[in-house]
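All values below were derived from every heavy atom in this structure, side-chain atoms included, with hydrogens, water molecules and symmetry-related copies excluded. Just so you know, residue 1 is the first one in the sequence shown, and it goes up from there.
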Amino acid sequence: MTAPVIEVRALRKTYGSGDTAVHALRGLDLTVRRGEYLAIMGASGSGKSTLLNVLGCLDVPTSGHYLLDGIDTADFGEAQLSLMRNRKIGFVFQSFNLIPRTSALANVELPLVYAGIRRAERRARANAALRLVGLADRAHHRPNELSGGQQQRVAIARALVTGPAIVLADEPTGNLDTRSSQDVMAILDGLHAGGRTVVLITHEDDVAAHANRVVRVVDGQIAQEVRA
């Protein structure tokens, strides 16, 4: 059986204390195996955004364990979490999060700059990532010269350029029209077909339908799991 790339055990996240405490995650367990395509769904306030932040090493749980690619993050400080984010996770955000005044190529290169990769290598890897998403001819365009769908494809290229263990996509079609959404989902489908692990956060049933497995989060716990 394929080894897990994500293991979440008895995960709890509480904000505040006493009578005003908010229990965002309540002993949640989740395993994602390498090469899996998972969609996480849930209403506002369900805990899915908190779960996303923990999976992305953007936040730490109050208790429980999160193992990313076999490494327990429980005792990591911010510097170690930042290193994990850079090396193990490729992020795709709803709002693209591109730097406006730099080219598509420079945006894709950015994680490699943080990783200390030399200029020639990072330029080659960034160009290869842009080719993968069909934007080699837009490498020197700035975000404001690209459509929303093209900007999201640049964001996917940036997510892939470090060769992460997992691609974590947060509402990747939320700001796109139908055609652009289809293009972006086709790329994510292709990544999965090529063996990449993809975890998708979405509230749209038609987007979740692309995944092999869908889990629904309710009140900080997994309430339902459906396999394709």
Side-chain angles (χ1 to χ4, degrees), residues 1-15 22-74 81 84-85 88-94 152 156 159 164-174 176 181-182 184-228:
M1 184 177 290
T2 307
V5 69
I6 285 174
E7 288 185 87
V8 170
R9 303 171 183 166
L11 203 69
R12 295 183 180 274
K13 181 65 180 181
T14 302
Y15 297 99
V22 175
H23 302 283
L25 297 175
R26 302 168 180 261
L28 186 146
D29 295 309
L30 177 67
T31 298
V32 182
R33 299 205 171 272
R34 191 175 303 278
E36 194 171 4
Y37 196 171
L38 173 70
I40 299 174
M41 303 188 75
S44 178
S46 65
K48 77 175 188 302
S49 295
T50 301
L51 177 59
L52 167 70
N53 288 338
V54 172
L55 296 182
C57 294
L58 298 168
D59 202 354
V60 294
T62 302
S63 64
H65 291 273
Y66 171 34
L67 281 73
L68 174 59
D69 212 14
I71 301 171
D72 194 337
T73 64
L81 289 173
M84 289 287 280
R85 286 194 298 269
K88 300 288 186 180
I89 303 168
F91 290 98
V92 181
F93 298 100
Q94 177 178 350
Q152 191 61 293
I156 292 172
I166 178 174
V167 174
L168 187 59
D170 180 18
E171 301 281 3
T173 63
L176 303 179
S181 295
Q182 291 171 346
V184 165
M185 292 311 301
I187 292 172
L188 293 176
D189 292 349
L191 294 175
H192 168 251
R196 187 80 61 172
T197 306
V198 179
V199 175
L200 181 69
I201 310 293
T202 184
H203 67 275
E204 300 177 63
D205 289 328
D206 58 338
V207 171
H210 287 255
N212 299 130
R213 179 163 62 115
V214 179
V215 298
R216 293 185 182 272
V217 179
V218 178
D219 295 334
Q221 295 180 314
I222 292 178
Q224 184 184 40
E225 179 176 329
V226 177
R227 291 184 180 273

After noting the C-alpha distance and the side-chain angles of E225 and R227, does the key distance pass the salt bridge (Lys or Arg N to Asp or Glu O under 4.0 Å) rule?
CA-CA 7 Å; E225 179 176 329; R227 291 184 180 273; 3.5 Å; yes
Specify the closest pair of heavy atoms between [X] and [Y], including all atoms of both residues, with the distance to one decimal.
{"X": "V92", "Y": "A159", "value": "CG2-CB, 3.8 Å"}
{"X": "L188", "Y": "A169", "value": "CD1-CB, 4.5 Å"}
{"X": "G90", "Y": "P164", "value": "N-CB, 3.5 Å"}
{"X": "K48", "Y": "T202", "value": "CE-O, 4.4 Å"}

Would you indicate whether the side-chain heavy atoms of [Y] and [X] approach each other to under 4.5 Å?
{"X": "V54", "Y": "L11", "value": "yes"}
{"X": "T31", "Y": "V8", "value": "no"}
{"X": "H203", "Y": "S44", "value": "no"}
{"X": "T73", "Y": "L67", "value": "no"}
{"X": "C57", "Y": "R85", "value": "yes"}
{"X": "L28", "Y": "I222", "value": "yes"}
{"X": "K13", "Y": "D59", "value": "yes"}
{"X": "T62", "Y": "Y15", "value": "no"}

Any chance you could measure [X], atom [atom1], to [Y], atom [atom2], to the nearest 0.5 Å?
{"X": "H23", "Y": "T50", "atom1": "NE2", "atom2": "OG1", "value": "13.0 Å"}
{"X": "R216", "Y": "M41", "atom1": "CZ", "atom2": "CE", "value": "4.5 Å"}
{"X": "L58", "Y": "I89", "atom1": "CG", "atom2": "CD1", "value": "7.5 Å"}
{"X": "L68", "Y": "M84", "atom1": "CG", "atom2": "CE", "value": "4.0 Å"}
{"X": "I40", "Y": "I201", "atom1": "CD1", "atom2": "CD1", "value": "4.0 Å"}
{"X": "H65", "Y": "R9", "atom1": "NE2", "atom2": "CZ", "value": "7.5 Å"}

Using a cut-off of 6.0 Å, state whether more than 12 heavy atoms not belonging to D219 lie near its atom CG.
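No, CG of D219 has 12 or fewer neighbouring heavy atoms, counting only those of other groups under 6.0 Å.
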Can you list the steps and then say if R34 with I166 is a side chain to side chain contact (heavy atoms under 4.5 Å, CB included)?
CA-CA 8 Å; R34 191 175 303 278; I166 178 174; over 6 Å; no
Please evaluate residues V215 and Q224 with respect to the criterion side chain to side chain contact (heavy atoms under 4.5 Å, CB included), reporting the C-alpha separation (whole Å), side-chain torsions for both, the decisive distance (0.1 Å), and the verdict.
CA-CA 6 Å; V215 298; Q224 184 184 40; over 6 Å; no
Residue pairs fulfilling ring-ring contact (aromatic ring centres under 6.0 Å, His included) with at least one residue in residues 28-58, sequence neighbours excluded
Y37-H192
Test log, rule side chain to side chain contact (heavy atoms under 4.5 Å, CB included), inputs Y66 and D72:
CA-CA 6 Å; Y66 171 34; D72 194 337; 5.8 Å; no
What do the steps show when you test L52 against L168 for side chain to side chain contact (heavy atoms under 4.5 Å, CB included), and what is the final call?
CA-CA 8 Å; L52 167 70; L168 187 59; 3.4 Å; yes
Given the options V5, D170, I6, V199 meets side-chain contact (heavy atoms from CB on, under 4.5 Å) only with I6
Can you tell me which residue among L200, V198, I187 is in a side-chain contact (heavy atoms from CB on, under 4.5 Å) with P172?
L200
Please check this pair: side chain of E7 against backbone of R33, looking for a donor-acceptor N/O pair closer than 3.5 Å.
no
